[in-house]
Novice: 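Structure incoming, see below.
In what follows, every chain begins at residue 1, and chains take the letters A, B, ... in the order their sequences are listed. This is a predicted model, so every value here is computed, not measured.
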Amino acid sequence: MQLMIPERERMARSRMEQPQYKMTVNGLDFFYGDAQALFGINLNIPVNRVSALIGPSGCGKSTFLRALNRMNETIPATRITGKILLDGRDIYREFDDPSQVRTRVGMVFQKSNPFPKSIFDNVAYGLRVNGIKDKNLIVEVVEESLVRAALWEEVKDKLDHSALTLSGGQQQRLCIARALAIRPEVVLMDEPASALDPISTSKIEDLIGVLRQDYTIVIVTHNMQQAARVSDRTAFFYEGRLIEDGPTKEIFTRPQKKKTEDYITGRFG
Amino acid sequence: MMTHDAMTATEQPSAQGRLDFRRKTRGTIPRGLAFLAVMVVFALLTIILGSIILGGFGTISWEFITHPPEQGMEAGGIFPAIFGTVALVFLMIIAAVPVGVFTAIYLQEYTRPDSLGTRLIRVAVNNLAGVPSIVFGLFGLGFFIAFIGGGIDAVFFPAQGPVWGQPAIIWAALTLALLTLPVVIVSTEEALRTIPRELKEASLALGGTKLQTIRRITIPQATPGILTGAILAVSRGAGEVAPIMFTGAAYYLPYLPTKLNDQFMELGYHIYVMATQSPDVEATKPILYGTVLVLMILTVALNSVAILIRSRMRKRRVQV
C-alpha cells in the first residue's frame, strides 16, 4: 500500500496542468528593510533537472535561492511578496513552520559549514532534529547518504572523527550528504564549489550530474562554464530582475536579450 | 591664498626644526611615565601580597582551617567562614548563571539588536553593573528578606516568628547573584556573538527549529564563554562584603548552615568583623592575616576549578 501511493500521486500529478514543475515562483518581490532586492520574479523549476542561476555579484541570485527554502526569514527586517509553490502548495502560507519547508527543500552553502561534531553526527543531525530516534535506521541512512555524496569510501573507517579533520572538498561533500540525509525533494546549492580547488570542484560537478536523477537541483554559480556543464536550464539575473531563462544550451548559444549576451560573452560582470 | 602659501614656504625650515625636536622627546617621556606607572602597580601588588603572605603564612595550619573561632576570635580557626564562603559562592552561581545565560540568549537570539526594548535591557544591565555593592545589600534586605521572605512567612508561617523573613544564606546568595548577573550576561552574549552564522543556518536548513538550533548548536558552542562568565562572577562575588552584611552573614555562629534559611559566616565579613569589632586588635592580628590569605587562596582555587572545567570542554570540543 505504501508503495502504491506515490505511484498514484505521480499519475494524478501528470494530469495536472504543469506536471513537470517542482517549484513555481510568481511575482516575487523581496526587500531588505526599504531596499528592494528582487523585482517581480517569475520562474518555473522543472522536476529532476538542474537549474542554474547566473549573474554578477549582487544581482539577487543568492537572495532568490534563499527565498526558496524560507532561509531569508532568519535575517531581520526582510519582507517578501508574491508566491512560491512547492508541488502546488504555497511555501509561505500553506506550511505552518519554515522547518517543514526546509526538510523538503534542502540547502548546501557556499562555504562548507560542518558542525564541530563527528562525521557521523553531522549526517545524523537532520534526522535527529526531525524526530528520528531509531538507531539502526539512523546508521543505515547515514551510510546511504555518504554513499550518495561519494564520500563513503573516504570516511567509512573514521565516522567518529571530527568533521573538521576533513579537507575542504570532503567537508563540502559531507554537507551535501548531510542535506541528502533528510530526503529532500529539492536541493539548493549556493556556489557550492566556489571555495574549492579544481579537482574537488569536478567531483562536486560529477556528483550533481548523478543527483539530478533523484532530486530537483537549483544551483547558484558565478562560474559560467560550470553552469554550462552541469545545468539543464539557466536563468540570468541582473540588478534584482530575472532577465532571461531557458534551456542552458539556448541561453549560452542564442540568448534572446542583449544583457544576457553581454554577460555570457564577458563584456561585464 | 597666495600670501598663505608664501608664508608657509618661508616658515618651513623653522617648523621642520621644531618637529624634529618634538620627535626626540615624544619617545622618551611617555615611555618613562608608562614604565613608572607599571612600577607603581607592581610595587603596590608586591607590598600587598608580600605583607599578607608574610603575616598570614605562620598562622595557617590544619587546625586553623578545620576549627571554629574560639575565645572571642582571638584563637581557634575559621572553618565555618570557609564553609560559608564556598556554600555562598555555589548558591550564587546556581542562581546567576541560568538567569544570565537565558537573558543573553533572549537578547542575542530572539530580539532585534537595534530595537528599543533590547537597547533598554542593555542599558539596564550596564547600569546594574555600576550600582555600588552596598546598594545591592540594602536592596536584598528590602526586597528578598522583607518583601519575599516576609511574604512567605505571612502566608505559610503566620503563627511563628520569622522563618524566611530574616537574614539567610539564600538571600545573601541571591543578592550576590544580582550583583554578578551583568558579568554573566555580558560574557555569554560575547560568546553567542562569536558563533558563526553559518552553523546556525546549517541547522535551520536541515529542518531544525530555532529552539533545537539553540539547544544543539548554539549553547554547546558557547559553553566555554558561559564558563568564563561564571569564573568572572566568582571573582567578582567571592569576597564582596557589603551585599551580604545585611542579608545573611553572621558575626559568629557556633554551627554550620544546613538549611537555605540559616545564617552563615563568611571570610570577607569575618575579616571586617575582626578588624573593626574585636576588643583586642593586636591579639587577633595573626588570625586576621591568616584569614585574608585563606580568602585569597580560596578565590584563586574557585577560579582555577572553573578554568580547568573550561579548558577540558574546549579540548573536548576540538577533538570530537
Novice: Between A/M71, A/R70, A/M107, which shows the greatest number of heavy-atom pairs under 4.5 Å with chain B?
Specialist: A/M71
Novice: Can you tell me which residue among A/R49, A/R148, A/E185 is in a side chain to side chain contact (heavy atoms under 4.5 Å, CB included) with A/Y215?
Specialist: A/R148
Novice: Who in residues 129-142 of chain A is close to chain B, using a strict under-4.5 Å heavy-atom cut-off?
Specialist: A/V129, A/N130
Novice: Is it true that A/E191 and A/T221 share a donor-acceptor pair across their side chains at a distance under 3.5 Å?
Specialist: no
Novice: Report the relative orientation of the aromatic rings in A/F237 and A/F64; use parallel for angles under 30°, tilted for 30 to 60°, perpendicular for over 60°.
Specialist: tilted
Novice: Checking heavy atoms, do the side chain of B/R197, its backbone, both or neither come under 4.5 Å from chain A?
Specialist: side chain
Novice: Using non-hydrogen atoms and a 4.5 Å limit, figure out which bit of A/R128 sits close to chain B: side chain, backbone, both or neither.
Specialist: both
Novice: Which class fits the ring pair B/Y110 and B/Y106: parallel under 30°, tilted 30 to 60°, perpendicular over 60°?
Specialist: parallel
Novice: Going from CZ on B/F156 to CH2 on B/W164, what distance comes out if it is rounded to the nearest 0.5 angstrom?
Specialist: 11.0 Å
Novice: Would you compute the distance between atom CD of A/E205 and atom OG of A/S231 and round it to the nearest 0.5 angstrom?
Specialist: 10.5 Å
Novice: So which part of A/P114 gets closer than 4.5 Å to some heavy atom of chain B, the side chain, the backbone, both or neither?
Specialist: backbone
Novice: Give, for atom OG of A/S118 and atom NE2 of A/H161, the distance between the pair rounded to the nearest 0.5 Å.
Specialist: 10.5 Å
Novice: A/Y125 vs A/F115 aromatic rings, parallel, tilted or perpendicular, using cut-offs 30° and 60°?
Specialist: tilted
